[in-house]
There are 2 protein chains.
Amino acid sequence: MIWDMARAPTTLDSFNAVAEPRRRQVLGLLSEGELPVNEIVDSLGWNQPQVSKHLGVLLEVGLVKVRHAGRQRFYSLDAAPLKEIHDWTATFEHFWQHQLDRIKERAESKQALARSRGNVPPGGLSAS
Amino acid sequence: MIWDMARAPTTLDSFNAVAEPRRRQVLGLLSEGELPVNEIVDSLGWNQPQVSKHLGVLLEVGLVKVRHAGRQRFYSLDAAPLKEIHDWTATFEHFWQHQLDRIKERAESKQALARSRGNVPPGGLSAS
DNA sequence: ATATCATATACCGATATTGGAATACATCCA
DNA sequence: TGGATGTATTCCAATATCGGTATATGATAT
């Protein structure tokens with residue numbers, strides 16, 4: 001029998017690449033501008049090989065670009081692939097909005113009930 | 001030496017849960033409404049244990065809810081956790097927008113150049 | 001009680017990831 | 001040429017995944 005891959009490689013797409021919290025941290029850092037590996041290492045306080053490896057994954061899925069300059073390598077953000085994730089989640093946007101609405105409605109009706117019973121007003125502190 | 005987890009479990013958060021394409025498919029299907037496992041199996045054409053396992057992961061990260069009804073289990077979408085992903089990607093939204101702008105500008109300037117040389121107009125077919 | 005239907009769980013093999021340490025590679029400088 | 005600096009790659013152990021098959025649990029009906 002032929003065995004499939006256990007789990008999609010992190011380099012398959014941005015969904016997988018970005019599932020790793022550390023990689024999200026790197027992207028956040030790079031959103032402030034291009035940085036050489038060394039500064040990422042200092043900024044995040046990880047060891048250098050780990051930084052390089054995470055950058056490698058991000059590079060492979062196209063979330064970062066590299067610019068070689070002497071013995072330094074400047075990495076910069078390329079957020080375009082994140083759009084796919086953004087678009088996909090946007091598909092569900094109205095669900096959580098409706099849910100928040102329902103939660104808010106419930107909270108408000110509860111407060112209204114409390115008010116009608118002579119309790120504290122919404123958002124107010126008890127008399128002091 | 002103590003060894004850390006190799007890779008974050010899929011049940012750690014919605015980022016990891018949703019990295020798996022199959023799980024995204026399930027969520028898409030459930031966005032049309034509550035469904036019993038059996039119908040998900042039929043709809044997607046996977047075998048039943050696999051469907052149950054994916055639902056288990058989604059359940060654990062709070063992306064679906066279950067309603068027990070006799071021997072059936074109705075799963076429904078709970079998209080709220082996707083908001084975190086949406087919000088995170090939104091952080092980068094202006095990056096890809098700028099990039100698209102730049103691409104568009106480049107394309108337009110190229111077309112303008114072509115027009116000035118007497119080539120076909122933008123979006124138009126050649127004279128026929 | 002027993003058979004049937006709906007779903008969950010356990011087991012297995014293959015895979016590939018993660019962090020850490022050591023090392024290779026590549027570039028610059030003296 | 002040789003040393004120092006910046007970065008990538010290799011090796012390792014532990015872990016958890018995914019799909020498939022078989023089996024267990026749970027509820028209903030006869």
Side-chain angles (χ1 to χ4, degrees), chain A residues 1-26 29-30 34-61 63-76, chain B residues 1-26 29-30 34-61 63-76:
Chain A
M1 172 171 293
I2 294 159
W3 292 91
D4 256 313
M5 252 175 314
R7 189 173 174 181
T10 58
T11 52
L12 179 70
D13 55 29
S14 34
F15 278 97
N16 281 282
V18 150
E20 169 67 29
R22 300 267 163 105
R23 239 119 54 194
R24 267 175 272 151
Q25 251 183 290
V26 172
L29 186 61
L30 289 179
E34 190 189 53
L35 282 178
V37 177
N38 223 0
E39 289 207 25
I40 303 177
V41 169
D42 290 350
S43 254
L44 299 177
W46 311 340
N47 50 37
Q48 178 267 313
Q50 203 173 347
V51 171
S52 279
K53 278 186 270 188
H54 282 306
L55 286 170
V57 172
L58 292 173
L59 187 61
E60 208 166 332
V61 298
L63 278 166
V64 297
K65 291 190 308 252
V66 221
R67 181 170 66 85
H68 294 236
R71 50 186 157 184
Q72 282 190 308
R73 258 136 146 120
F74 289 84
Y75 282 85
S76 59
Chain B
M1 172 169 295
I2 295 159
W3 289 91
D4 256 315
M5 251 175 312
R7 188 174 178 181
T10 58
T11 53
L12 178 69
D13 54 28
S14 34
F15 279 97
N16 281 282
V18 150
E20 168 68 29
R22 300 267 163 105
R23 239 119 52 192
R24 267 175 273 150
Q25 249 182 293
V26 172
L29 186 60
L30 287 180
E34 191 190 52
L35 281 177
V37 177
N38 222 1
E39 289 207 25
I40 303 177
V41 170
D42 289 350
S43 252
L44 299 176
W46 312 341
N47 50 38
Q48 178 267 315
Q50 204 173 347
V51 170
S52 279
K53 278 186 272 188
H54 282 306
L55 286 171
V57 173
L58 293 173
L59 187 61
E60 210 168 331
V61 297
L63 279 165
V64 298
K65 292 190 307 254
V66 221
R67 182 172 65 84
H68 293 238
R71 52 186 159 186
Q72 282 190 308
R73 259 136 146 121
F74 289 83
Y75 282 84
S76 60

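Each chain gets a letter, A, B and so on, in the order the sequences are listed, and its residues count up from 1.
Using modelled atom types, one finds no donor on one side chain facing an acceptor on the other under 3.5 Å when comparing A:His54 with A:Arg22.
Atom pair A:Asn16:CG and C:dT17:P shows a separation of 10 Å (rounding to whole Å applied). If you take CG of A:Leu55 and P of D:dA8, they are 7 Å apart, rounded to a whole angstrom. To the nearest angstrom, P of D:dA8 lies 11 Å from CG of A:Asn38. Atom NZ of B:Lys53 is separated from atom C1' of D:dA16 by 13 Å (rounded to the nearest Å). For B:Asn47 and C:dT7, the CG to C1' distance is 13 Å, given to the nearest whole Å. Here the C1' atom of nucleotide D:dT17 and the CG atom of B:Leu12 are 14 Å apart, to the nearest Å. Protein atom CG of A:Asp42 is 12 Å distant from nucleotide atom C1' of D:dG6, rounded to whole Å. The NE2 atom of B:His68 sits 17 Å away from the P atom of D:dT25 (whole-angstrom rounding).
Taking 3.5 Å as the limit, the base of D:dT5 and the side chain of A:Arg71 contain a donor-acceptor pair of atoms between them. In the interface, the side chain of B:Gln48 is paired with the base of C:dA8 through a donor and an acceptor atom under 3.5 Å apart.
A:Arg7 has no side-chain polar atom (N or O) that falls below the 4.0 Å cut-off from OP1 or OP2 of C:dT17. Contact annotation: A:Tyr75 does not reach the phosphate of D:dG6 (side-chain N/O to OP1 or OP2, under 4.0 Å). Using a 4.0 Å cut-off, some side-chain N or O of A:Gln50 falls inside it from OP1 or OP2 of C:dG20.
Smallest separation of non-hydrogen atoms from B:Asn16 and A:Ala19: ND2-O, 3.3 Å. Nearest heavy-atom pair, A:Pro36 versus A:Gln72, reported as atom, atom and distance to 0.1 Å: CB-NE2, 3.8 Å.
Base engagement by A:Pro49 is indicated by at least one non-hydrogen atom pair under 4.0 Å involving a base atom. Across all strands shown, A:Phe74 has no heavy atoms under 4.0 Å from either base or sugar-phosphate atoms.
Here the nucleotide nearest the side chain of B:His54, chosen from C:dA21, D:dG19, C:dT7, is D:dG19. Listed nucleotides: D:dT9, D:dT7, C:dT7. Nearest to the side chain of A:Gln72: D:dT7.
Between A:Ser52 and A:Val37, some side-chain heavy-atom pair lies under the 4.5 Å cut-off. Between B:Leu35 and B:Tyr75, the closest side-chain pair of non-hydrogen atoms is not below 4.5 Å.
Map A:Thr10 and A:Arg73 each onto its nearest nucleotide of DNA chain C; the residue landing nearer the 5' end is A:Thr10.
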